[in-house]
Amino acid sequence: MRTISLCTDFGTSDWFVGTMKGVILGINARASIVDITHGIPAGDIRAGAIALKMSYRFFPRRTVHVAVVDPGVGTDRAAIAVRTQNYFFVGPDNGVMSWALASEKVVGTWRLENPKYFLTKISNTFHGRDIFAPVAAHLSIGLPPQKLGPVAGEIVTIPWPGPKLLAGKVQGEIVYIDHFGNAITNIESPLIRNRENCVCEIARPRRIRCRLGSSYAAVPAGQPIAIIGSSGLLEVAVNGYSAARKFGLQVGNIVSVKL
Amino acid sequence: MRTISLCTDFGTSDWFVGTMKGVILGINARASIVDITHGIPAGDIRAGAIALKMSYRFFPRRTVHVAVVDPGVGTDRAAIAVRTQNYFFVGPDNGVMSWALASEKVVGTWRLENPKYFLTKISNTFHGRDIFAPVAAHLSIGLPPQKLGPVAGEIVTIPWPGPKLLAGKVQGEIVYIDHFGNAITNIESPLIRNRENCVCEIARPRRIRCRLGSSYAAVPAGQPIAIIGSSGLLEVAVNGYSAARKFGLQVGNIVSVKL
Amino acid sequence: MRTISLCTDFGTSDWFVGTMKGVILGINARASIVDITHGIPAGDIRAGAIALKMSYRFFPRRTVHVAVVDPGVGTDRAAIAVRTQNYFFVGPDNGVMSWALASEKVVGTWRLENPKYFLTKISNTFHGRDIFAPVAAHLSIGLPPQKLGPVAGEIVTIPWPGPKLLAGKVQGEIVYIDHFGNAITNIESPLIRNRENCVCEIARPRRIRCRLGSSYAAVPAGQPIAIIGSSGLLEVAVNGYSAARKFGLQVGNIVSVKL
């Protein structure tokens, strides 16, 4: 019983994800397939990279993580498999797995070029089904990754947008807005040394000033609060409501924390 | 092979649900994890309670049902596990499991206080991942619930909104609107004794009068019909359309049945 | 370990799909259940038929495919199981499985009339739970389909809308719009003999003229392109955007390819 996780921008309204699972089960009938999400906005490699970064390490060792946010499908962008000390990662070489890999000890990286482990007929538009699903299934039953193709040289990485340490404050940005409308920033909890007096500010699109609390419900319903979220990053929330909708927040908005 | 069901308001656009499943499989690699739904409106404990009430008894005996609609996460609300004659239920003690428990024979109730069965690091915002998923996984491999913490006293229950029996009619209300736009009421089928002549009425927001039928297609397309739904509750539907959208129906609207 | 696929219009916001899975696991605890999709528009039998046609053959042999797009539930429409050389199909007899069956060698077809393999109590509105899920589970553990009921006579089929071969061009239509806004047509790739010079045109609702390319990214972002999609059908896409939204495309719009 080996776990294969899937993280894509395929949505769930079509047959795409189900088809990938059918392909996997045809190769490894005992695979335990888990959806991380298929709700990554179409082509948004950074959102895919965040979803994978936040979730991958909660899976059992030896999980094969498949990440397919792939606007370059059908071009000459490479397809890769990466082995780390604990996991495999499979997907296009466009940076979607780079934020997860930044915390892992990489053991090896291979280009997916051996058609023996692909479906027989390869489309130009759906490598999730034709290449990534069968490769992941083969890895899950113990295929040595060396069989997949040649060692890859340097792979594509996206720089993680680190916060800036300025005089008396940390300046970061919103990196993700979740389903609840909470605005997750790139400010890591160790940067916030004085939690009792810290004030979090967003200047635009609308001014928000709030204190750091320990639960959404620590402020009255409808009030904003800063909180260390489940990934150890500062987030801005509104108790009982969507902070993003209430304040028009978007990825990229600047967030400051006065220390 | 033990089943664990998940019912949450986490949505499926982020990595939250997948992460919970990763945690579960790290403890019980053979768990069969089923999503009841993750589409409960954010923080809507009553909608979560209905989803669980309507579905839990269709699962195999000894299924561990995990219900996480948890606006009080991070506050001092308790986390509990309940054993009934047939199932386990795990979640916050806020009433979300109370409508399911009302039909079950409860054997015992425990507070989740033993960190041995949690993830090592507990966030303030995601007990689904840090507490409820690992506890459910441990129960699914046979952990005696007594190990989880002390016996809980009385747990939070939400009163089920019973219909009123008035002269010549039953007066109930809409308790849920489903994906098809069917308006499910709290009027149970045994209350409708004279099915042939019964007339169902909604006065507001728009007047609807319809008869009881035995299939959506028993009336012409676009026409309203009352029907005993799959949970044994009267529902108001429109053949081929969303009754909720067509008539502006909402949870709480009053529904009368003339007997 | 046998695979059961589910393709429905039930959505995922309610408890319907989870309940079907609970029923299946109660009969076959080792079933591997895969969602093809539950996002078929409510009652849209043709969309369900396409999703099944495009995906079913990627599943392991002996998969039981359950297709429930069933606006006639509760009427006297038949419920059927079909055995083909490679698969089982279970669902209402309304054509939803007919486009998949057109490519399969049918071995036998039975009407689901033996209540022994249903849930004890049958609702008028949710045969997915009460009939199709338990029948599929029984088939997945080896029940001979003959036990389910009498042999069915002719079953309902929907004609696949074939393209027309006119002087110097193929005229087809949009048959499906996917999550990315790509417009999938009924024009099969072998009909396009001269790929280098082929021009694809849509006259309405807005004029589009584009060439055939081999990847979405073969044209600049925002530009339309025709491409042979993953099912071997011509599709019209826009690099990085939704073609459907950009050009107001809908199922049924006429698409011509000059040869």
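Naming convention: chains lettered A, B, ... in sequence-line order (proteins, then strands); numbering from 1 in each chain. Here the structure is a predicted model, which is why all the values come from computation and not from measurement.
Centroid-to-centroid, the aromatic rings of C:Phe59 and C:His65 come within less than 6.0 Å. Between B:Trp15 and B:Phe10, the ring center distance fails the sub-6.0 Å criterion.
With a 4.5 Å cut-off on non-hydrogen atoms, B:Asp178 touches chain C through its backbone and its side chain both. For a residue to count as touching a neighbouring chain, one of its non-hydrogen atoms must lie under 4.5 Å from one of that chain's; by this rule C:Asp9 touches chain B with backbone and side chain alike. Contact annotation for B:Ser5: neither backbone nor side-chain heavy atoms come within less than 4.5 Å of a heavy atom of chain C. Using a 4.5 Å cut-off between heavy atoms, B:Ile227 contacts chain C through its side chain alone, with no backbone atom that close. For a residue to count as touching a neighbouring chain, one of its non-hydrogen atoms must lie under 4.5 Å from one of that chain's; by this rule C:Thr12 touches chain B with the backbone only.
Within residues 237-248 of chain C, no residue has any heavy atom under 4.5 Å from a heavy atom of chain B. Contacts from residues 114-124 of chain C to chain B, taken as heavy-atom pairs separated by less than 4.5 Å, involve C:Leu119, C:Ser123, C:Asn124 in sequence order. Of all residues spanning residues 38-46 of chain B, those with a heavy atom less than 4.5 Å away from chain C's heavy atoms are B:His38, B:Gly39, arranged by number.
No side-chain N or O of C:Tyr176 forms a donor-acceptor pair with one of C:Asn182 less than 3.5 Å apart.
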Problem set entry | Working for side chain to side chain contact (heavy atoms under 4.5 Å, CB included), residues B:Val199 and B:Val257 | CA-CA 6 Å; B:Val199 174; B:Val257 178; over 6 Å; no

Exercise. Is there a side chain to side chain contact (heavy atoms under 4.5 Å, CB included) between B:Tyr216 and C:Thr75 once you walk through the steps?
Worked result: CA-CA 8 Å; B:Tyr216 301 123; C:Thr75 66; over 6 Å; no

For this session: Could you go through the side chain to side chain contact (heavy atoms under 4.5 Å, CB included) check for B:Ile225 and B:Leu212 one step at a time?
Result: CA-CA 6 Å; B:Ile225 185 166; B:Leu212 188 71; over 6 Å; no

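At a threshold of 4.5 Å between non-hydrogen side-chain atoms, the residues C:Phe89 and C:Leu52 count as touching. Between C:Ile36 and C:Leu6, the closest side-chain pair of non-hydrogen atoms is not below 4.5 Å. For the pair C:Leu101/C:Ile155, a side-chain contact is recorded, criterion being any heavy-atom separation below 4.5 Å from C-beta on. B:Val255 places a side-chain heavy atom less than 4.5 Å from the side chain of B:Ile174. Under the 4.5 Å side-chain criterion, counting only non-hydrogen atoms from C-beta, B:Leu234 is in contact with B:Ile228.
Contact tally against chain B (heavy-atom pairs below 4.5 Å) for C:Val23, C:Ile33, C:Leu25: the top residue is C:Leu25. Of the listed residues (B:Ser215, B:Ala47, B:Ser230), the greatest number of heavy-atom pairs within a distance under 4.5 Å of chain C belongs to B:Ser230. Heavy-atom pairs under 4.5 Å with chain C were tallied for B:Arg61, B:Glu235, B:His179, B:Arg57; the largest tally goes to B:His179.
Between the OG1 atom of B:Thr185 and the CG atom of B:Leu249 there is a distance of 11.5 Å, given to the nearest 0.5 Å. Between the CE atom in C:Met20 and the CZ atom in C:Arg129 there is a gap of 10.5 Å [rounded to 0.5 Å]. With rounding to the nearest 0.5 Å, the separation of OG in C:Ser32 from CZ in C:Arg30 is 10.5 Å.
A search for salt bridge (charged side-chain N to carboxylate O under 4.0 Å, His left out) contacts involving B:Glu188 returns nothing, not counting sequence neighbours.
Figure legend: cation-pi geometry between C:Lys147 and C:Trp110 absent, as NZ or CZ is not positioned both under 6.0 Å from the six-membered ring centre and within 45° of its axis.
In the displayed structure, C:Arg111 atom CZ is contacted under 6.0 Å by at most 12 heavy atoms of other residues, nucleotides or ligands.
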